Participant: 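Quick one: the structure is below, and I'll ask about it shortly.
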Amino acid sequence: MSAAVPTPNAALTLLKTVWGYDAFRGVQADIVHTVTQGGNAMVLMPTGGGKSLCYQVPSLLRDGVGIVVSPLIALMKDQVDTLRGLGVRAAALNSTLSPEGVREVEAALLAGTLDLLYVAPERLLLPRTLELLERAPVALFAVDEAHCVSQWGHDFRPEYQGLGVLPERFPQVPRLALTATADDRTRADILNVLGLRGAPQFISSFDRPNIQYRVATKEGPKTQLLDFIRSEHPGDAGIVYCLSRKSVEDTARWLQAQGVDAVAYHAGLPPRERTLAQDRFLNEEGLVVVATVAFGMGIDKPNVRFVAHLDLPKSMEGYYQETGRAGRDGLPSTAWMVYGLADVVNVRRMLASSDAPEEVKRVEAAKLDALLTYCETASCRREVLLEYFGEAYQGPCGHCDTCINPPQVRDMTREAQMALSAAIRTGNRYGAAHLTDVLLGRATEKVVAMNHHTLPTFGVGATHDEKTWRGVLRQLVSLGYLAAAEHHGLSATGKARALLKGETTLALREDTLSARPGKRDRGDRTRDRASRAPVSADDQPLFETLRQWRLTRARAQGVPPYVIFTDATLKAITEFKPTSHATLGTVSGIGQRKLSDYGDEVVQIVRDALSGKTVTLPDPQERGVRANSAVLGVLNRRGPDALDETPAPASVADALRDLRRTLTRETGLSAYVIYTNAALEALAERQPRSLDDLRDIPGFGPKRIEAYGERILAAVDRVLA
Ligand code: ADP
Ligand code: ZN
């Protein structure tokens with residue numbers, strides 16, 4: 001599999017034959033070239049950007065085996081299964097192997113019969129493994145999730161720091177560090193530990209164009225969530241993040257009661273339940289996992305269609321990472337979040353009352369500020385998000401909620417002054433509810449008891465409603481004009497002074513003034529759903545049939561469905577409708593191995609779909625999925641030839657349909673290219689007995705008559721005779 005000096009063409013050929021992809025994406029080609037030539041590289045690419053190919057292709061092009069250091073044993077199996085499905089000789093070396101399994105892998109390594117080997121860092125650093133590698137032909141070292149070397153980052157793993165032995169003991173073997181999260185300090189740590197200073201750094205944009213970002217104010221979070229799932233992601237896999245274990249369990253139970261296939265996941269569950277939830281998520285098509293942030297590391301499922309936040313994440317980093325679990329496969333996905341006044345007060349209060357060192361608190365406060373600014377922004381969310389990560393994004397994106405439905409921004413300096421002075425005059429210690437009562441002029445028991453009904457601020461805000469004031473207060477807390485202390489008390493900050501004196505003005509989002517943002521955007525949402533659905537409504541049955549077939553296949557092989565084909569590939573098949581091996585082979589994601597393993601079955605499904613045969617799969621476990629007769633054929637292990645053994649058709653229409661199916665098989669052309677359903681109906685009605693009769697049929701020109709005329713007449717004869 002190796003050549004002395006592999007050419008760029010060799011890489012492309014490999015990409016096409018093994019992976020079935022036509023071109024490298026972005027910087028992939030440069031990275032592959034650099035590493036294949038023996039160079040080191042640092043790769044910063046967002047989730048779903050395509051990091052794996054950056055080391056997999058060079059591993060195949062270079063002599064020896066590519067060693068992939070990966071922190072998560074759970075992920076290795078999927079990676080190895082996926083590669084084996086492509087015909088690549090891959091294995092993993094980790095603690096899940098039996099001693100015998102370890103011996104087998106080690107033998108293959110020394111014999112040079114492996115292309116890729118996945119190793120956990122602690123296993124790699126064992127003296128035994130390092131000695132073994134010194135005797136084996138090694139093509140490269142790829143350190144995946146390289147940010148784990150840094151104590152600075154959030155996923156620090158002490159074993160990763162030991163990887164500094166690689167440049168010492170294997171100076172001649174190229175090293176490649178890959179990560180999706182790295183600020184400047186983390187990046188410096190990676191370069192240091194892995195000895196990559198001076199190596200080229202390949203940095204991609206961190207934009208995830210296929211993810212739509214949406215943030216709404218909390219009205220009734222569970223109902224909002226259900227509405228979102230039902231209207232936009234029915235039957236899709238998704239993750240719902242909640243802050244507490246209790247709300248995780250409540251929400252999961254509630255979704256289940258509403259008929260959504262959902263399961264809870266948090267660190268307090270018994271390990272067995274957690275593993276079960278994770279396995280179900282990976283192996284089923286449309287499960288919703290309601291979880292705390294404990295869920296996510298090690299979830300590499302490419303077709304997560306949405307990530308929902310019912311509570312505020314900790315920081316922009318957290319938000320980006322959590323939402324980033326959606327849409328690894330590049331297909332349209334949604335990052336959806338609701339938050340409200342109580343959430344903002346809560347996170348502010350938690351931070352204020354934490355007993356972390358002042359410096360840590362300052363950093364965390366700044367991170368929270370950034371997140372809240374993002375939530376409250378009236379401009380393009382993608383712009384704010386990427387700007388936070390230091391990227392100059394040329395927005396607006398035209399695709400996030402604020403782009404689609406721009407909120408009105410209004411000068412609300414006066415309202416802000418009223419709210420701030422209500423807080424100050426009541427002694428900077430009451431919560432939002434009490435302040436709202438004062439502003440609205442409600443003489444509640446508490447207001448009267450505290451004598452607040454005698455304040456000049458009492459009732460100054462009566463021309464607005466309660467919701468408006470909650471929105472104003474929320475934004476004032478978010479933007480740092482009000483601080484939240486213990487017991488939810490709000491106090492004016494130093495920042496408020498200039499505003500109160502009238503030295504500065506404040507523009508706030510007005511969407512909090514209009515009660516029902518939902519109604520207004522319903523039209524947009526439906527339109528959006530249509531444009532986000534993986535395939536058109538017409539193609540939906542075929543897509544579902546293919547999904548169903550994939551699931552059956554995956555179960556039989558004991559792998560997750562996406563190891564068989566990604567959603568992106570199924571979508572391409574659905575749209576392209578290839579009816580022969582030759583055309584199927586041109587679909588993105590179908591390499592040689594997939595073609596020979598699954599070509600017959602997929603082509604048959606497409607052909608049957610084109611000839612209009614649909615039946616319902618009798619599988620009570622699945623949602624009422626409409627499936628194609630070809631699936632039943634596959635399930636019953638009937639070859640496609642079985643169709644030819646069918647007795648003489650009962651009607652001319654049936655005979656013509658059978659004939660069309662035979663012709664699609666012979667020619668590789670799509671059914672409607674041979675003759676359309678309209679033409680078929682006309683033929684069935686006219687019952688032609690001669691070539692002349694055919695000339696009157698719409699759509700039958702001389703070419704078609706020449707190609708299929710005799711066969712059509714024979715088919716008609718067979719029924720009428
Ligand atoms: P990452 O590890 O960066 O999150 P992956 O390597 O898992 O991303 O790739 C994400 C998806 O994109 C996978 O389904 C992969 O097969 C696909 N992909 C990567 N590179 C290409 C390419 N050049 N052409 C088509 N699809 C690609
Ligand atoms: Zn936008």
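As the structure lists them, so they are numbered: ligands from 1, and atoms in each ligand from 1. Given the structure is predicted, the values throughout are model-derived calculations rather than measurements.
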Participant: Are the side chains of Val288 and Arg305 in touch, meaning some heavy atoms are under 4.5 Å apart?
Facilitator: no
Participant: State, to 0.1 Å, how close Ala237 and Lys301 come at their nearest heavy-atom pair, and which atoms those are.
Facilitator: CB-CE, 3.5 Å
Participant: Using the side chain to side chain donor-acceptor pair (under 3.5 Å) rule, take Asp78 and Tyr562 through it: C-alpha gap first, then chi angles, then the decisive distance, then the call.
Facilitator: CA-CA 9 Å; Asp78 272 9; Tyr562 50 82; 2.5 Å; yes
Participant: Quick check on Gly49 - does any of its heavy atoms sit under 4.0 Å from an atom of ligand 1?
Facilitator: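 Right, Gly49 reaches ligand 1.
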Participant: Need the ligand 1 atom indices (1-based, order shown) with element for anything under 4.0 Å from a heavy-atom of Leu53.
Facilitator: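 Once the distances to Leu53 are compared, the set is 19 (C), 20 (N), 21 (C).
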Participant: Please write down residue, atom name and distance for the protein heavy atom closest to atom 8 (O) of ligand 1.
Facilitator: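 The protein heavy atom lying closest is Gly50 N, 3.2 Å.
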Participant: Might you work through the side chain to side chain donor-acceptor pair (under 3.5 Å) test for Gln212 and Arg214, ending with a clear yes or no?
Facilitator: CA-CA 7 Å; Gln212 181 189 50; Arg214 301 219 319 252; 2.9 Å; yes
Participant: Between Arg325 and Tyr241, does a side chain to side chain donor-acceptor pair (under 3.5 Å) hold up when you go through it step by step?
Facilitator: CA-CA 12 Å; Arg325 291 178 183 132; Tyr241 283 113; 2.7 Å; yes
Participant: Taking all non-hydrogen atoms of both residues into account, name the closest pair between Leu86 and Lys594 and its distance.
Facilitator: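 Of all heavy-atom pairs spanning Leu86 and Lys594, the closest is CD2-CE, 3.7 Å.
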Participant: In the protein, which heavy atom is nearest to atom 14 (O) of ligand 1, and how far is it?
Facilitator: Thr566 CG2, 4.0 Å
Participant: Is the ring centre of Tyr388 less than 6.0 Å from the ring centre of Tyr374?
Facilitator: no
Participant: Indicate yes or no: does Arg157 engage Glu145 in a salt bridge with an N to O separation below 4.0 Å.
Facilitator: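 Looking at Arg157 and Glu145, the cut-off is not met.
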Participant: Between Tyr319 and His309, does the ring centre distance come in under 6.0 Å?
Facilitator: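 So the answer is yes for these two rings.
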Participant: Would you mind finding which of Gln28, Gln56, Lys51, Arg25 brings a heavy atom closest to atom 12 (O) of ligand 1?
Facilitator: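 Nearest option to atom 12 (O) of ligand 1, by heavy atoms: Arg25.
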Participant: Exactly one of Thr47, Thr566, Asp300 should register a side-chain hydrogen bond (donor to acceptor under 3.5 Å, both in side chains) with Arg328. Which one does?
Facilitator: Asp300
Participant: Please name the pair of heavy atoms, one in Ser588 and one in Thr569, separated by the smallest distance, quoted to 0.1 Å.
Facilitator: O-OG1, 3.5 Å
Participant: For the rings on Phe295 and Phe281, is their centre-to-centre separation under 6.0 Å?
Facilitator: yes
Participant: Is there at least one pair of N or O atoms, one from Met45 and one from ligand 1, spaced under 3.5 Å apart?
Facilitator: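 No, there is no polar N/O contact under 3.5 Å.
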Participant: Quick one: does Asp329 get within less than 4.0 Å of ligand 1, heavy atoms only?
Facilitator: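 In this structure, Asp329 fails to qualify as a contact of ligand 1 - no heavy atom is under 4.0 Å.
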Participant: Test your reading of the structure: does Tyr21 have an N or O sitting under 3.5 Å from an N or O of ligand 1?
Facilitator: yes
Participant: Any protein heavy atom lying closer than 4.0 Å to atom 27 (C) of ligand 1?
Facilitator: yes
Participant: Determine whether any heavy atom of Ala23 lies closer than 4.0 Å to an atom of ligand 1.
Facilitator: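 Yes, Ala23 has heavy atoms under 4.0 Å from ligand 1.
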Participant: Can you report which non-hydrogen protein atom sits closest to atom 6 (O) of ligand 1, along with the distance?
Facilitator: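 Among all protein heavy atoms, the one nearest atom 6 (O) of ligand 1 is Ser52 OG, 2.6 Å.
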Participant: If we set the cut-off at 4.0 Å for heavy atoms, which region of Arg328 has an atom near ligand 1: side chain, backbone, both, or neither?
Facilitator: both
Participant: Please list, in number order, the atoms of ligand 1 under 4.0 Å from a heavy atom of Phe24.
Facilitator: 23 (N)
Participant: Are any of the N/O atoms in Ser588 less than 3.5 Å from those in ligand 1?
Facilitator: no
Participant: Looking only at heavy atoms, which two atoms of Asn210 and Gly327 are closest? And how far apart?
Facilitator: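 Scanning both residues, the minimum pair turns out to be ND2-O, 2.9 Å.
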Participant: Tell me how many protein N, O or S atoms are within a distance shorter than 2.8 Å of the Zn ion (ligand 2).
Facilitator: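 Number of qualifying protein atoms: 4.
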Participant: Is the shortest N/O to N/O distance between Thr47 and ligand 1 below 3.5 Å?
Facilitator: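 So ligand 1 has no N or O lying under 3.5 Å from an N or O of Thr47.
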Participant: Going through the distances and angles, do Val338 and Leu310 end up as a side-chain contact (heavy atoms from CB on, under 4.5 Å)?
Facilitator: CA-CA 6 Å; Val338 287; Leu310 285 188; 3.8 Å; yes
Participant: Quick one: which ligand 1 atoms are inside 4.0 Å of a heavy atom on Pro46?
Facilitator: 3 (O)
Participant: Less than 4.0 Å is my threshold; does some heavy atom of Gly48 fall inside it relative to ligand 1?
Facilitator: yes
Participant: For a side-chain contact (heavy atoms from CB on, under 4.5 Å) with Leu83, tell me which candidate from Leu116, Val18, Val563 qualifies.
Facilitator: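 Only one of Leu116, Val18, Val563 forms a side-chain contact (heavy atoms from CB on, under 4.5 Å) with Leu83, namely Leu116.
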Participant: Heavy atoms only, cut-off 4.0 Å: how does Ala568 contact ligand 1, side chain, backbone, both, or neither?
Facilitator: neither
